[in-house]
Amino acid sequence: MTRVPDLLEQRTDRVGAAARGATTIADRVVAKIAAQAAREALTSVPKEGHPPHASVVVHRDVARVSVSLELDYPSDLGRQCGAVRGRVRHRVETLAGIEVHEVTVHVERLHSAHTAHDRKRGRLK
């Protein structure tokens with residue numbers, strides 16, 4: 001019977017970490033991280049609005065992120081977009097280990113509390 005320490009001593013052909021392979025994270029996973037980070041950065045999502053969604057292109061461990069969102073109006077749009085950019089960059093770099101060179105924020109729609117939407121005609125009252 002062979003003792004376990006003897007087996008470990010005999011094994012001298014260990015492969016280094018770099019030679020064992022690499023972990024690949026799919027773009028859609030990074031996009032989900034970015035969308036969640038955008039939701040975390042916003043103070044609120046408009047009542048009739050959709051939550052933020054993101055698309056990502058990763059090339060050689062560098063990501064370019066595009067986030068689309070809807071915001072309440074009136075509000076400080078610049079501050080909210082800046083908060084989304086910062087939070088998305090931080091979370092993607094921390095959770096996925098991918099450097100983020102660019103975060104583009106697209107405001108698709110502004111929801112005003114002062115107007116009511118007429119769903120039948122698709123017009124504002």
Side-chain angles (χ1 to χ4, degrees):
M1 175 182 237
T2 307
R3 291 183 20 232
V4 174
D6 291 339
L7 289 175
L8 293 176
E9 289 172 6
Q10 293 172 1
R11 186 167 173 104
T12 59
D13 59 339
R14 292 186 181 232
V15 179
R20 282 184 256 161
T23 302
T24 303
I25 300 173
D27 290 3
R28 69 177 188 211
V29 173
V30 179
K32 287 182 181 184
I33 293 170
Q36 177 62 38
R39 281 190 290 277
E40 292 169 0
L42 294 174
T43 54
S44 67
V45 176
K47 291 179 185 177
E48 296 180 12
H50 299 286
H53 60 277
S55 60
V56 176
V57 176
V58 179
H59 183 67
R60 295 185 183 161
D61 294 332
V62 175
R64 297 177 74 178
V65 181
S66 177
V67 178
S68 298
L69 47 85
E70 299 179 13
L71 297 174
D72 281 324
Y73 184 79
S75 65
D76 188 350
L77 303 178
R79 183 191 57 76
Q80 287 185 328
C81 291
V84 167
R85 273 195 284 290
R87 183 70 175 181
V88 166
R89 171 173 277 129
H90 173 74
R91 297 293 282 171
V92 169
E93 288 178 348
T94 301
L95 295 176
I98 297 173
E99 188 176 348
V100 178
H101 278 195
E102 178 181 344
V103 178
T104 306
V105 178
H106 300 278
V107 179
E108 291 184 342
R109 183 174 297 153
L110 296 174
H111 294 268
S112 177
H114 302 294
T115 57
H117 194 281
D118 184 358
R119 293 182 193 262
K120 292 179 185 177
R121 296 182 182 174
R123 298 180 184 197
L124 294 177
K125 289 182 178 180

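Values below: all heavy atoms of this structure, side chains included; hydrogens, waters and symmetry mates excluded. Just so we're clear, the structure is a prediction, and the values are computed from it rather than from any experiment.
In the displayed structure, Asp61 atom CG is contacted under 6.0 Å by at most 12 heavy atoms of other residues, nucleotides or ligands.
Taking a 4.5 Å side-chain heavy-atom cut-off between Ile, Leu, Val, Met, Phe, Trp and Tyr, the cluster of Val88 extends to Ile25, Val29, Val30, Ile33, Leu42, Val56, Val58, Val65, Val67, Leu69, Leu71, Tyr73, Leu77, Val84, Val92, Leu95, Ile98, Val100, Val103, Val105, Val107, Leu110.
The shortest non-hydrogen separation linking Ala38 to Pro52 is CB-CB, 3.8 Å. Closest approach of Ala41 to Arg87, counting heavy atoms only: CB-CB, 3.7 Å.
Residues satisfying the salt bridge (charged side-chain N to carboxylate O under 4.0 Å, His left out) criterion with Arg28, sequence neighbours excluded, are absent altogether. The side chain to side chain donor-acceptor pair (under 3.5 Å) search around Ser66 returns His106, not counting sequence neighbours. The salt bridge (charged side-chain N to carboxylate O under 4.0 Å, His left out) check on Arg85 picks up nothing, with sequence neighbours excluded. With sequence neighbours left out, the side-chain contact (heavy atoms from CB on, under 4.5 Å) criterion links Arg79 to Thr43, Asp76. The side chain to side chain donor-acceptor pair (under 3.5 Å) test applied to Arg89 returns no partner, not counting sequence neighbours.
The backbone N or O of Arg64 sits nowhere less than 3.5 Å from a side-chain atom of Glu102 that would complete a donor-acceptor pair.
Glu70 and His111 share a donor-acceptor pair across their side chains, judged by distance under 3.5 Å alone.
In this structure the side chain of His53 reaches within 4.5 angstrom of the side chain of Glu108, judged on heavy atoms.
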